[in-house]
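Below is one structure; the comments refer to it alone.
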Amino acid sequence: MSGSPLSGQIPYRFDPTSTAAAVESDFGGLADGEESGAVVTVAGRLMLRRDQGKVAFGNLQDSTGRVQLFALQRSTPDFEDFTGLHLGDWIGVTGEVLKTRRGELSIRVDSWVRLAEARRGFPDKWHGITDVDTRFRQRYVDLWVTDESRAAFVARSQILSTTRRWLEERKFLEVETPVFHPISGGAMARPFTTHHNALDLELYLRIAPELYLKRLTVGGFERVFEIARVFRNEGLSTRHNPEFTMLELYQAYADYTDIMELVEQLVSHLAMEVCGTTTLEYEDQELDLSAPWRRATLLELLAEHGGLSVDLDTPREELVRLCEERDIPVKDHYGPGKLILELYEKTTEPKLWGPVFVTDYPKEVSPLSRDHRDRPGWVERFEGIVAGRELCNAFTELVDPDEQRARFEAQEAAKADGDAEAMGVDEDYLRALEYGLPPTGGLGIGMDRLVMLLTGATTIRDVILFPTLRPEQ
RNA sequence: GGGUCGCUAGCUCAUCGGGUAGAGCAGGGGACUUUUAAUCCCAAGGUGCCGGGUUCGAGCCCCGGGCGACCCA
């Protein structure tokens, strides 16, 4: 590292021996003014500098944190070039670790090299970026300037890897299924469409991996999961991004009560790993994620929070009247199940904080769930509501091919009635069921919302590195 | 889709009863041997989101559009 670092070539490689965090943990105990005798090499961005004539201080930031640099004219090579560095420049520094008289742990700059030039100025060193739109568009700047932003993405990575490990320990196999679907299915959502030229084929981007994963259960993979990027052609909001990440898993021989246990254990485990506790604060409200979570049926909750005692045998005119009183738009093809779900979503769901498993949904609105073992007209399905948001959706899977065909046909009819979110008939999936799907429990968790929960983020854009935005200009 | 607010220097923000824009930081020059958003001095930096209108004169008032934030449906 000789010559003039500013005019010299940028090196092709560099070998740091330590990091800001390691320096702090290894040498934090030095006394004020004490020199450690130990030499380290670190690399990162120069984020602050305080020139002081014949000495200069700088703050170097790397992926682990910040450490102060201490340069002296008499011992730092190319001292004038060092004080000419721009804020944001990447540099590599080698020197002895010491603590200044004022007690700041520092690396004395005994040699240094510039690793990259920041031609564009960094945002105000005190205020950072305040325009959230700029934060999303220039995430590469945001990650340096906004500590919470970097922390959220580190947490996201930790949540995904911990989830994988936890599932693998329970003998789940991670698989990858197609993103291109010839038939859109597995959820109720409007898909994106695309076209394959060689096959001259219209394809849909998946809205859920569900139907492929259950084919694998038919194929003998008894426990499978996929962390799937899915695509839904819907609006943007603080809780919605057109592409997002869903964990889906299927467990043979299990029913939805097994899945409830799995969810409460997985989520409380993740909270312990990421937050160190299962008692969180979210939006100034307390949230206790420790298992077990409350379980209550949709109808019980509708009575409790909505003050409505209705059921599938309530006369349709009565349900329609209750909807209209609450400004819920009613369509002609809505049956009692759909009307009850609408009433629940309008009157009850907003009042739930959770965690709570809302169990047993109307068959009419659940085309892939198995009939409830005791309650005709209902299915064995639940949603997990946590911090007032729908976190997951799960059911005892429908295994009967004839019943599945009837449900698909009802969906097809709804689609013909103008329901753009309805599914189509998937003949190959029916064929798979005809080969035999064992009793199976399935689950989908919105991983972005889970990350929001565990990082305290209030908008999904804070947990997606490059959220969908309108193009600039 | 509706409402409210915002858009001024690279970044963060000012200004005014309509009279042609100002500061901090960054960037440039200089001073300073232990700073912590270091400090001090000097110089430079602007198509005030875009397009119309009113006016002798518009960043400011009016109309239309764009982009964003928040709230509501």
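So you know, we letter chains A, B, ... as the sequences are listed, proteins then strands, and number each from 1.
- Below 30°, between 30° and 60°, or above 60°: for A:Tyr256 and A:Phe382 the angle between ring planes is between 30° and 60°, a tilted geometry.
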Please test A:Leu72 against A:Phe70 for side-chain contact (heavy atoms from CB on, under 4.5 Å), starting from the C-alpha separation and ending with a verdict. CA-CA 7 Å; A:Leu72 298 105; A:Phe70 177 35; 4.0 Å; yes
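- Atom name P, nucleotides B:rG17 and B:rG29: the rounded distance is 41 Å, in whole Å.
- Here the P atom of nucleotide B:rA37 and the CZ atom of A:Phe57 are 13 Å apart, to the nearest Å.
- Taking the six-membered ring for Trp and the full ring otherwise, A:Tyr361 and A:Trp378 have centroids separated by 6.0 Å or more.
- The separation between A:Asp133 atom CG and B:rG66 atom C1' is 13 Å, rounded to whole Å.
- In this entry the distance linking CD of A:Glu117 with P of B:rG27 reads 12 Å, nearest Å.
- Of the possible polar contacts, none joining the A:Thr314 side chain to the A:Val310 backbone as a donor-acceptor pair under 3.5 Å is found.
- Using a 4.0 Å heavy-atom criterion, one finds that A:Gly33 contacts no nucleic acid atom at all.
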Within the sub-3.5 Å range, which N or O atoms of nucleotides 7-10 of chain B have a protein N or O partner, and how far apart are they?
none

Intra- and inter-strand pairing of RNA chain B, written as dot-bracket with Watson-Crick and G-U pairs under 3.5 Å and | for the latter, reads (((((((..((((.....[..))))..((((.......))))......(((((..]....)))))))))))).
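- Only the P atoms considered, B:rG27 is 11 Å distant from B:rA38, to the nearest whole Å.
- Between the CZ atom of A:Arg135 and the P atom of B:rC67 there is a distance of 22 Å, given to the nearest Å.
- Here A:Arg108 lies out of heavy-atom contact (under 4.0 Å) with every strand.
- B:rG30 and B:rA23: their P atoms are spaced 23 Å apart (whole Å).
- Within 6.0 Å of the OH atom in A:Tyr204, the count of heavy atoms belonging to other residues, nucleotides or ligands does not exceed 12.
- Between the side chains of A:Arg461 and A:Asn241, no donor-acceptor pair of N or O atoms lies under 3.5 Å.
- The gap from the P atom of B:rG51 to that of B:rU8 amounts to 16 Å, rounded to the nearest Å.
- Summarising the geometry, the separation between CZ on A:Arg74 and P on B:rU34 is reported as 11 Å, rounded to the nearest angstrom.
- Taking the P atom of each, B:rG22 and B:rA43 are spaced 14 Å apart, rounded to whole Å.
- Checking the phosphate oxygens (OP1, OP2) of B:rA69, a side-chain nitrogen or oxygen of A:Arg461 falls inside 4.0 Å.
- Residue A:Asp51 is classed as a base contact, given a heavy-atom separation below 4.0 Å to a base.
- For A:His86, whose side chain is taken as the heavy atoms from C-beta onward, the closest listed nucleotide among B:rA38, B:rA69, B:rG28 is B:rG28.
- Residue A:Thr130 places at least one side-chain N or O closer than 4.0 Å to OP1 or OP2 of B:rC13.
- The backbone N or O of A:Ser106 lies less than 3.5 Å from no partner atom in the side chain of A:Gln68, so there is not a single donor-acceptor pair.
- Atom pair A:Phe70:CZ and B:rU34:C1' shows a separation of 6 Å (rounding to whole Å applied).
- Nucleotides B:rC32 and B:rG46 have their C1' atoms positioned 33 Å apart, rounded to a whole Å.
- Distances were taken from every side-chain heavy atom of A:Thr100 (C-beta onward) to each of B:rU36, B:rG28, B:rC13; the shortest belongs to B:rU36.
- In summary, the side chains of A:His181 and A:Ser184 do not present any donor paired with an acceptor at a separation below 3.5 Å, with no hydrogens or angles considered.
- Atom pair A:His127:NE2 and B:rA23:C1' shows a separation of 12 Å (rounding to whole Å applied).
- Straight-line distance between the P atoms of B:rC42 and B:rC60: roughly 33 Å, to the nearest whole Å.
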> Can you list the steps and then say if A:Trp144 with A:Trp90 is a ring pair (Phe, Tyr, Trp, His ring centres under 6.0 Å)?
Replying inline: CA-CA 12 Å; A:Trp144 283 101; A:Trp90 292 79; 5.2 Å; yes
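- Atom CD1 of A:Ile129 and atom C1' of B:rA26 are 14 Å apart (whole Å).
- In the set B:rU36, B:rU34, B:rU12, the nucleotide with an atom closest to the side chain of A:Val55 is B:rU34.
- Taking the P atoms as reference points, B:rA44 lies 30 Å from B:rA37, given to the whole Å.
- The residue A:Leu48 sits close only to the backbone: its heavy atoms come under 4.0 Å of sugar-phosphate atoms, none of a base.
- There is a side-chain donor-acceptor pair under 3.5 Å between A:Arg156 and A:Thr245.
- For A:Arg316, the CZ atom counts as densely surrounded, since its 6.0 Å shell holds more than 12 non-hydrogen atoms of other residues, nucleotides or ligands.
- Each of A:Trp126 and A:Thr134 lies near RNA chain B, and the nucleotide nearest A:Thr134 is the one positioned closer to the 5' end.
- OP1 or OP2 of B:rA26 sits under 4.0 Å from a side-chain N or O of A:Lys125.
- In this structure, of B:rU34, B:rC32, B:rU33, it is B:rU34 that holds the atom nearest to the side chain of A:Arg101.
- Residues satisfying the side-chain hydrogen bond (donor to acceptor under 3.5 Å, both in side chains) test with A:Arg326, not counting sequence neighbours, are none.
- Proximity note for A:Gln52 (side chain, C-beta onward) versus B:rG28, B:rA37, B:rC32: the nearest is B:rC32.
- Each of A:Arg49 and A:Leu87 was matched to the nucleotide of RNA chain B holding its nearest heavy atom; the match closer to the 5' end belongs to A:Leu87.
- Nearest to the side-chain atoms of A:Gln68 among the listed nucleotides B:rC13, B:rA69, B:rU36 stands B:rU36.
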